[in-house]
Undergrad: 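Here you go, one structure.
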Amino acid sequence: MPELAEVEFFRKRWHSAAVGLQIKEVAVHPSAKIFRGTDPQKLKASLKGKKLLSSKAAAKQMLFRFSSDLWLGIHLGMSGDLYVREPDHIPEKHDHLVLYTRRNSLVLTDPRMFGRVRLHVGSSVPDWWGNIAPAILSPEFTIKRVTDFLTRRGRAPLKAVLLMQQCFPGIGNWMADEILWRAAIHPKQPAGSLTTSEVKRLWRECRHVCRLALKKIAGDGSDVPADLNVNIPITWLFRHRWKVGGKCPRTGTPLVHEEVGGRTTCWAPARQKLRT
DNA sequence: GTGCTTGTTGGCCA
DNA sequence: GTGGCCAACAAGCA
């Protein structure tokens with residue numbers, strides 16, 4: 001499930017529940033594939049007794065910092081979820097990691113196990129964290145950067161290119177469709193064929209969708225919204241894209257669904273025309 | 001049973 | 001070496 005804003009939502013949920021608290025006990029599901037590359041028993045032994053100091057999110061990744069230079073990196077894959085439960089939570093079928101504090105328990109659940117958990121020890125962030133591309137809302141995400149990337153991936157459909165994390169960190173399937181729909185560009189349009197003004201529109205809508213998604217999904221302040229997605233306005237494609245017979249909220253015309261770039265893609269043909 | 005699913009990676013091929 | 005495409009990973013849901 002999680003794209004940029006959902007990831008931030010999950011980070012906040014763990015953070016606000018347990019920042020400053022000590023991890024009294026840790027439960028791991030030793031055979032869970034999300035621990036690939038990391039020894040779950042070592043992770044368990046390392047985290048026990050440590051205090052959660054801070055956290056951050058970038059792209060679809062999260063990083064939780066604990067005392068003693070310990071860092072927990074989490075990627076939620078397709079179906080991962082972080083939630084908070086009572087202090088005596090008994091792990092359920094897909095709960096692969098549980099961190100117990102005196103007040104609650106932090107639970108990582110992921111049925112499909114496309115997610116990933118890793119441990120890092122050191123005084124600074126792990127190398128892989130530093131390799132995440134500049135955030136879309138950062139000054140480094142420039143029109144030139146986008147133009148160069150689209151040129152390099154010139155023959156690929158734009159939809160597929162928007163999913164590439166090297167340039168568009170945090171964008172996933174629904175955000176890509178939302179951006180293309182707002183920018184009024186066809187998902188199959190070859191990335192290298194965009195006009196200057198189309199690239200500019202694309203760049204602007206990337207930033208716009210990221211900004212609004214963070215606000216609506218992850219919340220404004222330090223508070224965590226009660227639920228994911230409850231605040232998404234009806235004017236977004238998001239609210240219509242999975243409905244049978246769904247209509248474009250701007251034109252009222254039918255939406256279509258088709259696989260583009262290996263992913264189910266939704267668009268409004270009335271707004272998004274393919275240029276040849 | 002069938003055919004999907006908000007992600008990423010590695011292998012193949014041009 | 002680079003870029004484009006696709007299967008694979010695994011489990012649940014309609």
Side-chain angles (χ1 to χ4, degrees), chain A residues 1-11 29 31-38 57-62 73-83 91-96 108-118 128-129 131-133 136 148-181 187-193 206 209-210 212-214 216-218 227-232 236-246 255-267:
Chain A
M1 181 206 298
E3 303 179 21
L4 185 81
E6 290 97 346
V7 170
E8 173 61 5
F9 172 86
F10 290 131
R11 179 200 69 80
H29 189 294
S31 61
K33 289 199 170 60
I34 61 164
F35 295 115
R36 58 190 179 280
T38 299
K60 297 172 190 169
Q61 313 256 8
M62 284 166 282
I74 297 179
H75 189 297
L76 291 172
M78 192 87 102
S79 58
D81 190 341
L82 301 186
Y83 56 91
E92 291 163 18
K93 190 174 177 188
H94 301 296
D95 296 346
H96 308 302
L108 164 59
T109 191
D110 184 3
R112 294 174 71 182
M113 291 188 280
F114 290 173
R116 185 169 185 187
V117 168
R118 42 190 166 181
W128 58 263
W129 184 265
N131 293 335
I132 297 172
I136 287 172
D148 292 348
F149 192 78
L150 297 185
T151 304
R152 197 140 50 86
R153 301 291 181 156
R155 294 191 311 281
L158 190 53
K159 167 63 185 278
V161 176
L162 275 177
L163 295 174
M164 295 178 181
Q165 303 296 297
Q166 317 93 282
C167 188
F168 303 100
I171 300 297
N173 205 32
W174 80 256
M175 288 181 84
D177 287 353
E178 192 79 33
I179 290 164
L180 290 170
W181 172 72
K188 289 185 189 172
Q189 193 69 43
S193 72
C206 281
V209 169
C210 284
L212 286 181
L214 284 167
K216 298 292 184 187
I217 293 172
D227 288 299
L228 271 171
N229 305 340
V230 291
N231 296 321
I232 300 282
W236 288 38
L237 178 65
F238 183 92
R239 294 279 301 270
H240 308 266
R241 55 172 296 142
W242 291 287
K243 285 184 197 160
V244 177
L255 298 171
V256 299
H257 297 85
E258 198 181 309
E259 191 167 296
V260 181
R263 309 298 302 280
T264 299
T265 299
C266 173
W267 74 93

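The analysis underlying the following values was restricted to heavy atoms, covering all of them including side chains, and did not include hydrogens, waters or symmetry mates. The sequence lines fix the lettering, A, B, ..., with proteins before strands; numbering per chain opens at 1.
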Undergrad: From NZ of K60(A) over to P of dG7(B), roughly how many Å is that when rounded to an integer?
TA: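 Computing the K60(A):NZ to dG7(B):P distance gives 4 Å.
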Undergrad: Determine the interatomic distance between C1' on dG4(C) and the same-named atom on dT6(B); round to the nearest Å.
TA: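 It works out to 23 Å between them.
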Undergrad: What is the distance, rounded to the nearest whole Å, between atom CH2 of W174(A) and atom C1' of dG7(B)?
TA: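 Between C1' of dG7(B) and CH2 of W174(A): 16 Å.
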Undergrad: Rounded to whole Å, please give me the gap between CZ in R263(A) and P in dG3(B).
TA: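 Distance check: R263(A) CZ to dG3(B) P gives 19 Å.
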Undergrad: Write out a two-atom table: protein N or O, nucleotide N or O from nucleotides 10-14 of chain B, distance below 3.5 Å.
TA:
none

Undergrad: By side-chain contact (heavy atoms from CB on, under 4.5 Å), which residues pair with A59(A), not counting sequence neighbours?
TA: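 For A59(A) the side-chain contact (heavy atoms from CB on, under 4.5 Å) partners, ignoring immediate neighbours, are I132(A), Q165(A), P169(A).
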Undergrad: Is there a side-chain contact between M113(A) and R36(A), using heavy atoms and a 4.5 Å cut-off?
TA: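 Side-chain contact under 4.5 Å: no.
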Undergrad: Are OP1 or OP2 of dG7(B) and a side-chain N or O of H75(A) less than 4.0 angstrom apart?
TA: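 Answer is no, no contact under 4.0 Å.
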Undergrad: Both T265(A) and Q61(A) contact DNA chain B. Which one's nearest nucleotide lies toward the 5' end?
TA: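 This one resolves to T265(A).
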Undergrad: Go ahead and write out DNA chain C as dot-bracket, 5' to 3': ( ) for pairs within the strand, [ ] for ones crossing earlier pairs, | when the partner sits on another strand, dots for unpaired; Watson-Crick or G-U wobble, both distances under 3.5 Å.
TA: .||||||||.||||
Undergrad: Distance check, P atoms only: dC6(C) and dC4(B), in whole angstrom units.
TA: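 That atom pair is separated by 15 Å.
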Undergrad: Find the distance I217(A):CD1 to dT6(B):C1' and express it as a whole number of Å.
TA: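 Result: 10 Å.
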Undergrad: Could you list all the salt bridge (Lys or Arg N to Asp or Glu O under 4.0 Å) pairs where at least one residue sits in residues 155-174 of chain A, not counting sequence neighbours?
TA: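 Sorted result for residues 155-174 of chain A: K159(A)-D177(A).
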Undergrad: Please check if the side chain of T109(A) supplies one atom and the backbone of H94(A) the other of a donor-acceptor pair under 3.5 Å.
TA: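 Yes.
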Undergrad: Tell me, please, the opening and closing nucleotides of DNA chain C, 5' to 3', among those with an atom under 4.0 angstrom from a non-hydrogen atom of chain A.
TA: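 Boundary nucleotides touching chain A, in 5' to 3' order, are dG3(C) to dG12(C).
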Undergrad: Please state how far atom CD1 in I74(A) lies from atom C1' in dG7(B), giving the value in whole angstrom units.
TA: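 Taking CD1 of I74(A) and C1' of dG7(B), I get 16 Å after rounding.
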Undergrad: Quick check: do F168(A) and M175(A) have side-chain heavy atoms less than 4.5 Å from each other?
TA: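 Answer no - side chains too far apart.
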Undergrad: Mind running a 4.0 Å heavy-atom check of residues 160-171 of chain A against DNA chain C and sending the residues that fall below it, in number order?
TA: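 Residues of residues 160-171 of chain A under 4.0 Å from DNA chain C: none.
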